[in-house]
Amino acid sequence: MQLKHTCAFAIAIVLSGLAAACEGPFPLIGVQYRVSEQSPDRVEALVTNPLERLLMGTPRLANVASTTSHGTVDIELRFDGGATGIDLAQVKQRIGEMRFAEGVEVKSTNVFFASTCWQRWPLGPFNQHGKSPQHGDLPSR
């Protein structure tokens with residue numbers, strides 16, 4: 001019985017430490033695309049590269065990292081000082097303007113706040129203020 005309580009206490013301490021480490025601004029914005037094209041090389045050429053070029057002009061953007069696979073693109077955007085609701089809105093606007101080459105059918109798009117604390121994708125459904133970060137409800141700085 002003593003071991004059971006000790007393990008439960010240790011788990012609680014670890015989880016509370018993780019939660020405390022994740023408080024604060026959302027450091028990332030994630031962008032996920034699912035497209036009809038399945039060849040990773042073609043997805044990178046027709047979807048990932050054009051998206052990265054488009055997003056590079058986003059104000060305050062510090063770093064862009066992406067992963068491309070069969071019909072999937074995951075992009076991680078890091079912002080100076082952490083991502084804000086304004087950053088999310090700007091990324092969504094740019095994404096909305098994106099036009100791909102003929103023959104590329106977008107099956108789904110998702111733009112969201114993310115955190116390295118929770119394995120990167122996506123954060124939520126609610127932030128510490130009880131609002132959905134996927135809808136840009138965080139206060140701007």
Side-chain angles (χ1 to χ4, degrees), residues 1 3-141:
M1 190 70 161
L3 181 60
K4 191 176 191 179
H5 289 290
T6 303
C7 287
F9 183 69
I11 291 170
I13 288 173
V14 169
L15 290 177
S16 67
L18 287 174
C22 291
E23 290 181 12
F26 300 102
L28 311 171
I29 291 178
V31 178
Q32 293 177 327
Y33 265 84
R34 304 294 176 258
V35 296
S36 58
E37 179 61 54
Q38 292 298 302
S39 163
D41 290 338
R42 287 185 47 82
V43 172
E44 183 173 27
L46 298 174
V47 180
T48 306
N49 293 342
L51 275 170
E52 286 182 348
R53 282 192 299 273
L54 176 77
L55 294 169
M56 287 295 197
T58 306
R60 296 183 352 91
L61 184 64
N63 183 273
V64 176
S66 65
T67 304
T68 304
S69 62
H70 301 278
T72 303
V73 176
D74 292 311
I75 300 176
E76 179 181 283
L77 306 171
R78 290 183 181 268
F79 290 83
D80 292 326
T84 66
I86 292 171
D87 299 323
L88 184 70
Q90 289 175 343
V91 169
K92 285 182 176 183
Q93 179 182 359
R94 287 174 182 268
I95 293 294
E97 296 169 356
M98 187 68 206
R99 299 294 173 256
F100 295 107
E102 188 174 324
V104 175
E105 177 189 342
V106 176
K107 293 181 177 181
S108 67
T109 306
N110 192 13
V111 180
F112 50 87
F113 284 112
S115 173
T116 55
C117 296
W118 301 110
Q119 301 300 318
R120 193 173 79 210
W121 306 109
L123 185 72
F126 300 100
N127 62 33
Q128 69 266 23
H129 305 293
K131 294 185 177 183
S132 170
Q134 294 178 335
H135 298 289
D137 293 331
L138 292 179
S140 60
R141 288 188 220 174

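Count residues from 1 along the sequence.
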Tell me the closest heavy-atom pair linking [X] and [Y], and the distance in Å.
X: Gly71; Y: Val43; result: N-CG2, 3.8 Å
X: Ala45; Y: Asn49; result: CA-ND2, 3.9 Å
X: Ala114; Y: Gly30; result: CB-N, 4.3 Å
X: Gln32; Y: Asp74; result: CG-OD1, 3.0 Å
X: Leu55; Y: Leu61; result: O-CD2, 3.2 Å

**Q.** Chi angles and distances behind the side-chain contact (heavy atoms from CB on, under 4.5 Å) call for Val31, Leu77
**A.** CA-CA 8 Å; Val31 178; Leu77 306 171; 4.1 Å; yes

Taking atom [atom1] of [X] and atom [atom2] of [Y], what is their separation to the nearest 0.5 Å?
X: Asp41; Y: Leu46; atom1: CG; atom2: CG; value: 10.5 Å
X: Thr84; Y: Arg60; atom1: OG1; atom2: CZ; value: 5.0 Å
X: Gln38; Y: Ser69; atom1: CD; atom2: OG; value: 8.5 Å
X: Thr72; Y: Glu37; atom1: OG1; atom2: CD; value: 12.0 Å
X: Met56; Y: Arg94; atom1: CE; atom2: CZ; value: 11.5 Å
X: Ile29; Y: Ile95; atom1: CD1; atom2: CD1; value: 10.0 Å

Q) How would you list, by chain and number, every residue that makes a ring-ring contact (aromatic ring centres under 6.0 Å, His included) with Phe79, sequence neighbours excluded? A)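 By the ring-ring contact (aromatic ring centres under 6.0 Å, His included) rule, Phe79 matches no residue at all.
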
Q | Residue pairs involving residues 29-71 (criterion ring pair (Phe, Tyr, Trp, His ring centres under 6.0 Å); sequence neighbours excluded) | A |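 Qualifying pairs, neighbours excluded: Tyr33-Phe100.
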
Q: Would you kindly say whether Thr48 and Ser66 are connected by a side-chain donor-acceptor distance under 3.5 Å?
A: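 Per modelled atom types, Thr48 and Ser66 side chains form no pair under 3.5 Å.
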
Q | 4.5 Å side-chain heavy-atom contact, Val91 and Thr58 | A |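 Answer yes - side chains close enough.
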
(Q) So that I can tick it off, tell me whether Arg78 and Glu76 are bridged by a salt bridge, with the cut-off set at under 4.0 angstrom between side-chain N and carboxylate O. (A)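 Result for this pair is yes, salt bridge flagged.
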
Q) Taking atom CZ of Arg42 as the centre, does the number of heavy atoms from other residues, nucleotides or ligands within less than 6.0 Å exceed 12? A)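 Open: at most 12 neighbouring heavy atoms sit under 6.0 Å from CZ of Arg42.
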
